[in-house]
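Reviewing the structure listed below.
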Amino acid sequence: MTEKLLTGNQAVAQAVKNSRVGVVSAYPITPSTPVVEEIAGMVESGEMNARLILVESEHSAMSACIGASLGGARAFTATSSHGLAYMHEMLHYAVNARTPVVMAVANRAIGPGWNIWADLSDSMSQRDTGWIQIYCESNQEIYDSIAMAYRVAEHEDVLLPAMVCYDGFVLSHTSMPVKLDDLSEFLDEYEAAWRVDFDNPSTHGNITPPDYFMDLRREVSRSHERALKIMDRVEREFFETFSRKTPLIAEHYRLDDADTAIVAAGAVSSEAKIAVDNLRRNGIKVGLFRIRCFRPFPVRHTIRALDGVEKIYVFDRSVSIGSEGQMFQEVKSAFYGLSSPPEIYGCVVGLGGRDVTSMVFEKTVMGEIEPGWIGEVIV
Amino acid sequence: MKLSEIPAEEYLLEGNSACHGCGSSMALRTVLKALGKRTVLVVPASCTSVYQGMYPGSAIAVPVVNSAFACSSAVASGLKASLEHQGIDANVVVWAGDGGTYDIGLQALSGAAERNEDILYICYNNEMYSNTGIQRSSATPFGAWTTTTVSGKKEHRKDVAELMMAHGIPYVATASAGYLDDLYRKVRKAKRIEGFRYIEILTPCPPGWRYSMERTVEVAKLAVETGMWILYEYEHGVLRLTGVSRAIAAGKKKMKDVQEYLLLQGRFSHLSSAEIQEIRKYIAERWKKFADVRGGEHAVAAEFFV
């Protein structure tokens, strides 16, 4: 096992190579572009044995991945922002087609005005497509998550595509040490569930009338429910294989005796942890519930983790315009109908790359900043 | 070519739900016979998405992947790369209508052609969106009625086969549902060529073109005999007319007046004599363009004026 100083994008490329992906198809967009550049270099030098299809749009990138997956190969793409939005139709398609494509999403705002900086609104706005969504806090977690995502996505009880999301620039272009474990100990060769068979030809995706369609969707939905169980298992097996604790559903940080909890996802969680440590030093019983898996949403994990907490502050680096932050909605919904639920507050922070510091979390928990849209950059 | 050379195996099965007299299904039956068993069809939204039958049945006896409308070329690119990566040899063939080729699928088609993906792309051109119920496409000819061009289309059609030649791909051909032997021969040839291949078939549509269903072959032949549709092959930079078009160019067969073709179809029944004249002019200009190519200004040579 080697350890290297890698950007988030480089960590993705290494994980894709070590996951023995067979077909990569992509179209460049900031800030995920270096993923494709890294892979192109490795394919050309022979370091990576894969077919690379450099298509003319993100819509085609996802389409080619779906075709590759149906053909029986492990498929991968990477994108951001407008690219992800342009894929929207095919994101739905990949789900109903049951193609376990894995995609890296370097999260970025959607314009106009043009903004290339971190914002989770791009992937959050794809939450209803049926993709599994995993959010990362560090580059090591990005590397690990790609392999874990294939394990979950390709599991026979799941067979769904998965996106591994990480904040643009904050993680995508920032170097950190990454342990490059040999993933073959953890991830087998891909065995497709549906294959092109010339002796027993079948038709994939033809007209599915009302007699069948709702059952098809029900099965997709059940697969999401099953995915949480598989994730628990994959998280455990990952630890057993590499002796590294990489949470896949959620991380509990100093939550045990907490009466106040911060809920966050992605890179801002690091700042939240600093805030938790500082507040704890001042005797405030606060912890962090960091969501790794947003789809399927881990309702039971959330309730269990936050049992006994009196106040919850949910920090979203995204917003559903006309409503609230998406995680805020989910957390409130998780507690619906329970007797004496905690007070739950929502905060929208860091849109379009605005800096989110530990002070924002501290001051919110201390009651010095009102929850809601928090625009102040406090250093 | 003898008819007995065409295999007896059927890959487009009886009981498919194509309309009576459907030019597309006649062409697909022929295409699949020419391609044989080791073929995967990629079908974007089109009439074929309907007439292949509903889940859990299928009227197509080779593997089929149905794709979204805009992306059949990209799905086929991924599928071919995937099969190649696993060492599986197969014909990966896109079977798309003119909507999925000329309009919404053009970007992905151009991308795959430029990358010279090893796939065969076949456009069955019925000159409109038949599946959504007869709306104009950019392949709809001047003057034709559709539900969105109620007084007749005001513009001439564009020509994606010519666009494919401009992409410099190894093989481009046109065909007609009226000459299935010619189509069979072209598909057989395309099957042997490596790289991106494009075949466009004129496939008349009785409900859309407003003619009686037993006349599909007659209409498809008249399109060629009147010069409205030109049969050719373009192979490694050389353009060559084929069949009746070649005979017309060589002066061995007289080109029929286009009115004979137009009169058969209700979609042209409203045309004024000036509009018919405009179509005659379009035909003459198009033939002149093909003839001019022979002069050597372009990197292609036509031998049909010999």
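Numbered from 1 within each chain, the chains take letters A, B, ... in sequence-line order.
Other residues, nucleotides and ligands place no more than 12 heavy atoms under 6.0 Å from the CD atom of Glu44(A). For Arg29(B), the CZ atom counts as loosely surrounded, since its 6.0 Å shell holds 12 or fewer non-hydrogen atoms of other residues, nucleotides or ligands.
With a 4.5 angstrom heavy-atom cutoff, Leu41(B) does not touch chain A via any of its atoms. With a 4.5 Å cut-off on non-hydrogen atoms, Val65(B) touches chain A through its backbone and its side chain both. Using a 4.5 Å cut-off between heavy atoms, Ser202(A) touches chain B through its backbone atoms (N, CA, C, O) alone. The contact between Gln107(B) and chain A is made by backbone and side chain atoms together, counting heavy-atom distances below 4.5 Å. Thr39(B) touches chain A through its backbone: at least one of N, CA, C or O sits under 4.5 Å from a heavy atom, while the side chain does not. Heavy atoms of Val92(B) lying under 4.5 Å from chain A are absent altogether.
Between the side chain of Asn206(A) and the backbone N or O of Gly57(B), at least one donor-acceptor pair lies under 3.5 Å. Between the side chain of Glu117(B) and the backbone N or O of Ile53(A), no donor-acceptor pair lies under 3.5 Å. One N or O on the side chain of Ser82(B) and one on the backbone of Ala73(A) form a donor-acceptor pair closer than 3.5 Å.
For the set Asp199(A), Ile66(A), Leu52(A), the entry with the most heavy-atom pairs within less than 4.5 Å of chain B is Asp199(A).
At least one side-chain heavy atom of Tyr93(A) sits less than 4.5 Å from a side-chain heavy atom of Asn66(B).
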